Every structure is written in structure tokens, then in C-alpha cells.
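For the numbers below, each heavy atom of this structure counts, side chains included, while hydrogens, waters and symmetry mates do not. None of these values were measured; they are calculated from a predicted model.
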Amino acid sequence: MNMQDLLDKAKDTLDNAKNTLGLEPQETEAGIYIPSTSSLKIAAPNKTNYDHTSYDNPYTGDKKIMMVCTEEQYMTMENGNKFDTGNHPVEMMVPLLHFKKAGFDVDVFTPTGEAVKVEQWAMPEDDDDVKQIYSEYESKFNNPNSIADFVKNDMANSDDYAAIFIPGGHGAMLGLPEDKNLGALLRWGHEKDLFTLAICHGPAALLAADLNSPDSSDEGNSERDFIFKGYKMVAFPTVMDKQMPKIGYLPGPMPWYFAEKLEDLGVTIDNKLASGQTHQDRKLISGDGPLAANEFGKLSATELLKALS
């Protein structure tokens with residue numbers, strides 16, 4: 001047996017062990033994968049940590065929250081495998097539960113009005129609260145508003161919103177960071193002193209604020225600072241995303257890492273692990289992952305109520 005045969009045999013042994021341990025990503029159709037069974041047990045429990053917080057004086061005004069979601073489903077990894085992604089249901093629904101309890105209506109938006117994509121494999125099947133709010137919002141997810149239409153027709157005169165909320169899931173890295181309309185929306189929100197709420201991979205979408213406006217012919221944006229330059233936040237850390245293929249959560253290395261790009265623009269990512277941390281810097285509220293969804297929703301609702309009281 002030559003060296004190559006030995007290496008091949010070692011690889012086969014390792015692959016078999018990974019299969020036995022449930023560490024191989026699961027192929028749902030040709031070339032498309034969801035996380036391994038073992039990583040789902042760790043990262044996608046059947047019940048969330050939603051704590052049913054009540055708010056003494058719920059909001060009774062007419063300002064709403066604008067929820068910005070992805071309409072893209074597949075992330076192509078460096079090895080060509082496709083990850084079946086979208087927005088993470090816990091990071092969507094647990095904050096929505098808090099917003100509802102605090103008296104806020106939420107409008108759902110995607111870049112063009114295509115349906116919201118959701119990581120259905122992460123849906124907490126034993127969590128009745130999450131399933132109930134998902135059911136209430138399902139028609140909005142299927143027929144969202146268009147960011148492009150809002151920016152073109154309504155944004156200049158709109159006074160309808162108090163916050164822009166961007167849930168995570170790796171799908172937040174697809175389309176949103178390159179969307180010039182979203183960039184215009186984020187800068188508008190910043191100028192109007194709206195809250196920006198972003199959790200897990202949702203902060204990737206903030207990169208859009210560094211793009212030119214959709215109606216701009218300028219090649220550069222050197223005259224303008226990134227609106228979140230000098231801010232601190234928490235987000236899903238690059239070091240953990242780089243480990244995810246080893247446990248089969250991702251079907252290969254990611255094509256790019258958003259935290260590095262935010263740091264290049266002057267943002268400080270203040271966490272090394274996704275352990276349930278939240279952070280507030282001025283009107284930017286962030287959370288580091290699904291474990292943070294409850295505290296993130298609660299902090300966001302509380303701060304919105306304070307600001308609007």
C-alpha cells in the first residue's frame with residue numbers, strides 16, 4: 001500500500017466516523033445542504049429562551065418597526081456546495097414576540113418584495129410562542145414590502161418608523177450587503193435618528209450603508225464616512241464561522257466574512273464567542289446570535305419605549 005492509499009483510507013475512516021457521529025452536513029437535494037444532525041442538536045434546540053416579559057406601558061402611537069429580511073436562500077461555499085439558508089427563525093420571532101408585547105407593529109421588507117427566505121430547519125418545533133407568531137406573520141413573509149419601492153416612492157416623506165430591524169441567519173449575507181437601496185434606507189434611518197437593530201449575521205447588511213445611492217453616478221464615496229464608524233457592536237464572530245464546517249453546520253468554508261469588512265470600515269466587534277451577548281451604542285442595538293434573541297428583543301423593545309414615551 002502506497003502513501004496515497006494510506007491517505008485515502010484515513011480519509012474514508014474519518015468520513016465514516018463523521019457520519020457515525022452525525023457531523024456530516026445533510027444533503028437535501030443535489031449539492032444543497034442543511035446542517036449536520038449533531039450541530040442542529042447544539043445550535044437549533046426545539047425551544048427558545050423567550051421569557052414572556054410584560055411591558056408596563058405598551059406603545060400606543062403610530063410608529064412601526066421596519067423588518068429587513070433576505071429574499072435569497074442559497075449561499076455557495078468556497079467548495080461549490082450550497083448552504084440552504086435564509087433568516088434564522090429564532091432571531092426573527094423572539095424579537096417579534098417582544099415587539100408585539102411592547103405594542104409595536106412590524107412591517108416586513110425584502111429588497112424587491114420577493115418572499116422572505118427562512119431557515120426552516122432551525123424552527124424550534126416545541127416552542128408554541130414562536131410557532132404562533134410565525135403563523136401570524138406568515139402572510140407578511142410571503143408578500144413583503146419592497147425596499148426598492150419604499151426608497152423610490154415613500155422614503156423622503158415617511159415618518160412611519162421608529163426602527164430598522166435586521167435578523168440574522170447566514171442569508172443576511174446574501175444580497176443585502178450589496179443592495180444600494182438598503183444603503184440609502186440605512187443612511188436615511190441614521191439621519192432621522194431611528195434605531196438600528198441587528199443580530200447575529202444581520203450586521204452584514206449594515207455594509208450596504210457604505211454603497212452609493214441607487215440614483216448616484218459617483219464612482220466613489222470617499223467624501224462620506226461610514227455611518228457606523230466608531231461604533232461598538234456584537235455579532236456572530238468570524239472565528240466561529242470558520243469552525244462551523246468542522247461540525248458540519250456549514251457544508252464548506254464561507255465565501256467571505258462580514259465582521260472583517262465592518263472592522264475595515266471602523267466598527268469594533270466586541271465579542272469573541274456567540275454566547276448570548278447584546279450591546280447598545282447610541283441607537284445601534286446588536287446581539288451575537290440565537291442565544292441573544294430574547295435579551296436583544298427585550299433591550300430593543302425597552303429602549304424604543306423609552307425613546308418614544
Side-chain angles (χ1 to χ4, degrees), residues 57-71 87 92 95-96 98-100 102-116 136-137 139-167 172 175-199 202-221 223-229 231 265 280-286 300-309:
N57 296 296
Y59 183 63
T60 56
D62 54 6
K63 287 192 185 293
K64 296 177 284 186
I65 295 169
M66 175 183 284
M67 183 179 185
V68 171
C69 297
T70 186
E71 59 190 27
N87 285 123
M92 302 168 79
L96 283 177
H98 283 287
F99 299 155
K100 181 181 178 182
F104 291 100
D105 286 334
V106 178
D107 287 343
V108 179
F109 285 78
T110 58
T112 70
E114 288 283 318
V116 175
E136 286 175 29
Y137 272 84
S139 63
K140 287 188 177 186
F141 295 146
N142 289 333
N143 298 285
N145 299 292
S146 159
I147 295 172
D149 287 350
F150 179 80
V151 168
K152 183 178 179 184
N153 301 315
D154 304 313
M155 187 172 77
N157 299 312
S158 174
D159 202 28
D160 294 339
Y161 296 100
I164 298 168
F165 165 42
I166 311 168
L176 299 180
E178 304 87 40
D179 193 287
K180 290 185 174 185
N181 288 303
L182 177 57
L185 179 75
L186 289 166
R187 291 193 298 273
W188 166 81
H190 196 255
E191 285 159 18
K192 288 183 70 73
D193 205 29
L194 271 57
F195 280 87
T196 302
L197 320 170
I199 183 170
L206 303 182
L207 292 166
D210 196 47
L211 305 172
N212 291 319
S213 296
D215 56 359
S216 169
S217 58
D218 298 338
E219 288 301 315
N221 49 20
E223 319 88 52
R224 184 183 69 231
D225 266 343
F226 184 55
I227 55 175
F228 299 110
K229 182 180 179 180
Y231 280 66
L265 291 171
Q280 180 174 1
D281 186 343
R282 289 156 274 187
K283 291 286 186 76
L284 176 64
I285 295 176
S286 51
S300 299
T302 302
E303 290 300 313
L304 277 162
L305 288 172
K306 258 194 236 173
L308 295 169
S309 62

Residues Lys100, Glu136: salt bridge by 4.0 Å N-O rule: yes

Electrostatic pair Lys64:Asp107 at N-O distance under 4.0 angstrom: yes

If you define the side chain from C-beta out and look only at heavy atoms, does anything of [X] sit under 4.5 Å from [Y]?
X: Tyr231; Y: Arg282; result: yes
X: Met66; Y: Ile147; result: no
X: Tyr59; Y: Leu304; result: no
X: Val68; Y: Ile164; result: yes
X: Lys283; Y: His190; result: no
X: Val116; Y: Thr70; result: no
X: Pro95; Y: Leu197; result: no
X: Met92; Y: Phe141; result: yes

Would you find a donor on one side and an acceptor on the other, under 3.5 Å apart, between the side chain of [X] and the backbone of [Y]?
X: Trp188; Y: Met155; answer: yes
X: Glu71; Y: Glu114; answer: yes
X: Gln280; Y: Ser286; answer: no
X: Asn153; Y: Asp149; answer: yes
X: Lys140; Y: Val108; answer: no

When the ring centroid of Phe104 is compared with that of His98, is the distance short of 6.0 Å? no

If the test is side chain to side chain contact (heavy atoms under 4.5 Å, CB included), which one of Asp210, Asp179, Leu211, Leu206 qualifies with Leu186? Leu206

Trace of the ring-ring contact (aromatic ring centres under 6.0 Å, His included) decision for Phe165 with Phe195: CA-CA 8 Å; Phe165 165 42; Phe195 280 87; over 10 Å; no

For the atom pair CG (Asn181) and CG (Leu176), what is the distance rounded to the nearest 0.5 Å? 11.5 Å

Among all residues two or more places apart in sequence or in another chain, which pass the side chain to side chain contact (heavy atoms under 4.5 Å, CB included) test with Asp159? Lys63, Lys192

[X] to [Y] - nearest heavy-atom pair and separation:
X: Asn87; Y: Cys69; answer: OD1-CB, 3.1 Å
X: Ala209; Y: Phe226; answer: CB-CE1, 3.9 Å
X: Ser146; Y: Pro111; answer: OG-O, 3.5 Å
X: Gly202; Y: Ala172; answer: CA-CB, 3.9 Å
X: Leu308; Y: Ala162; answer: CD1-CB, 3.8 Å

One pair to check against side-chain contact (heavy atoms from CB on, under 4.5 Å): Leu185 and Phe150. What are the steps and the verdict? CA-CA 9 Å; Leu185 179 75; Phe150 179 80; 3.6 Å; yes

Full working for side-chain contact (heavy atoms from CB on, under 4.5 Å) between Leu194 and Tyr161: CA-CA 7 Å; Leu194 271 57; Tyr161 296 100; 4.1 Å; yes

